[in-house]
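Below is one structure; the comments refer to it alone.
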Amino acid sequence: QVQLVESGGGLVQAGESLRLSCAASGRTFSNYVMGWFRQAPGKEREFVAGISWNGFSTYYADSVKDRFTISRDNAKNTLYLQMNSLKPEDTAVYYCAAALGTRTLVSGRSADYWGQGTQVTVSS
C-alpha cells in the first residue's frame with residue numbers, strides 16, 4: 001500500500017507559476033513509476049506528466065510540454081510538478097499517481113494508487 005498526499009495548489013494569475021508536491025508513504029517509493037494527472041470540471045481526467053522510477057526518463061502531454069517539469073526525490077519520497085507560464089485552461093484538480101510493474105504511466109488505468117488531489121485555479 002502507498003499513500004499519496006498532494007500539496008501546493010492554489011489560485012494564481014495567468015503567466016504565474018506553482019509547484020506541486022506529492023508526498024508518498026508506505027512501500028518503497030523508488031519502486032514506482034509516478035505521474036501527474038488532472039481533471040477539469042465537466043471533463044475527463046487527463047495525463048499531464050510521467051517519470052521513471054529513477055527520474056531519468058520524463059514525458060509530457062503536448063499541452064504542458066516546455067511549461068511543466070516533473071521531478072522526484074527518492075530520498076525524500078516526494079514527487080514534484082513545477083508549473084510555469086500557467087494558463088486558464090490549466091485550471092483543474094491535479095492528482096499524483098503511482099504504478100508498479102509498468103514502464104510508463106500515461107493512462108490512469110495503469111495507476112495502482114492515487115492521491116486525493118489539489119486544486120489549481122488560474123485566472124485570466
Y60 and V48: CA distance, side-chain angles, deciding distance, side chain to side chain contact (heavy atoms under 4.5 Å, CB included) verdict: CA-CA 6 Å; Y60 301 89; V48 175; 6.0 Å; no

Stepwise side chain to side chain contact (heavy atoms under 4.5 Å, CB included) test for L86 and E16: CA-CA 6 Å; L86 282 161; E16 294 184 339; 5.5 Å; no

Step-by-step side chain to side chain contact (heavy atoms under 4.5 Å, CB included) determination, V33 to L100: CA-CA 6 Å; V33 172; L100 191 63; over 6 Å; no

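L105 and M34 make their closest contact through CD2-C, 3.8 Å (heavy atoms, listed as atom of the first residue, atom of the second, distance). Between Y59 and T104 the shortest heavy-atom distance is OH-CA, 3.1 Å. Between L81 and A49, the closest heavy-atom pair is CD1-CB, 4.2 Å. Looking at every heavy atom in both residues, S21 comes nearest to T78 through CB-CG2, 4.3 Å. Of all heavy-atom pairs between L4 and A24, the closest is CD2-CB, 3.7 Å. A pairwise comparison of heavy atoms in Y95 and Q116 identifies CE2-O, 3.5 Å as the closest pair.
With respect to K65 and D62, a salt bridge is recorded, a charged nitrogen being found less than 4.0 Å from a carboxylate O.
For the residue pair Q119 / T121, a side-chain donor-acceptor distance below 3.5 Å is found, with atom types taken as modelled. Judged purely by distance below 3.5 Å, without hydrogens or angles, the side chains of N84 and S17 pair a donor atom with an acceptor atom.
Shown here are the ring pair (Phe, Tyr, Trp, His ring centres under 6.0 Å) partners of Y80, two or more places apart in sequence or in another chain: there are none.
Less than 6.0 angstrom separates the ring centroid of F47 from the ring centroid of F37.
In this structure, the side chains of V120 and T91 stay at 4.5 Å or more apart for every pair of heavy atoms. Looking only at side-chain heavy atoms (C-beta outward), F29 and K76 stay at 4.5 Å or farther from each other. Inter-residue side-chain proximity for R38 and D90 is flagged as met; some heavy-atom pair is nearer than 4.5 Å.
No donor-acceptor distance shorter than 3.5 angstrom exists from the side chain of R19 to the backbone of Q82, with no hydrogens or angles considered.
Under the 4.5 Å side-chain contact rule for hydrophobic residues, L20 and Y113 share a cluster. Note on F68 and V106: separate hydrophobic clusters, where clusters join Ile, Leu, Val, Met, Phe, Trp and Tyr whose side-chain heavy atoms are under 4.5 Å apart, directly or indirectly. Linking Ile, Leu, Val, Met, Phe, Trp and Tyr whenever their side-chain heavy atoms come within less than 4.5 Å leaves V122 and V93 in two separate clusters.
Between the CD atom of Q13 and the OG atom of S123 there is a distance of 4.5 Å, given to the nearest 0.5 Å. Remark: M83 CE to L18 CG distance equals 4.5 Å, nearest 0.5 Å. Rounding to the nearest 0.5 Å places OG of S30 at 9.5 Å from CG of N54. Separating the CD atom in Q3 from the OG atom in S25 is a distance of 4.0 Å, to the nearest 0.5 Å. The SG atom of C96 lies 9.0 Å from the CH2 atom of W114; values are rounded to the nearest 0.5 Å. Atoms OH and CH2, on Y32 and W53 in that order, are 14.5 Å from each other to the nearest 0.5 Å.
Open room surrounds CG on D66; 12 or fewer heavy atoms of other groups in view lie less than 6.0 Å from it.
Residue pairs meeting the salt bridge (charged side-chain N to carboxylate O under 4.0 Å, His left out) criterion with at least one partner in residues 99-123, sequence neighbours excluded, do not occur; the list is empty.
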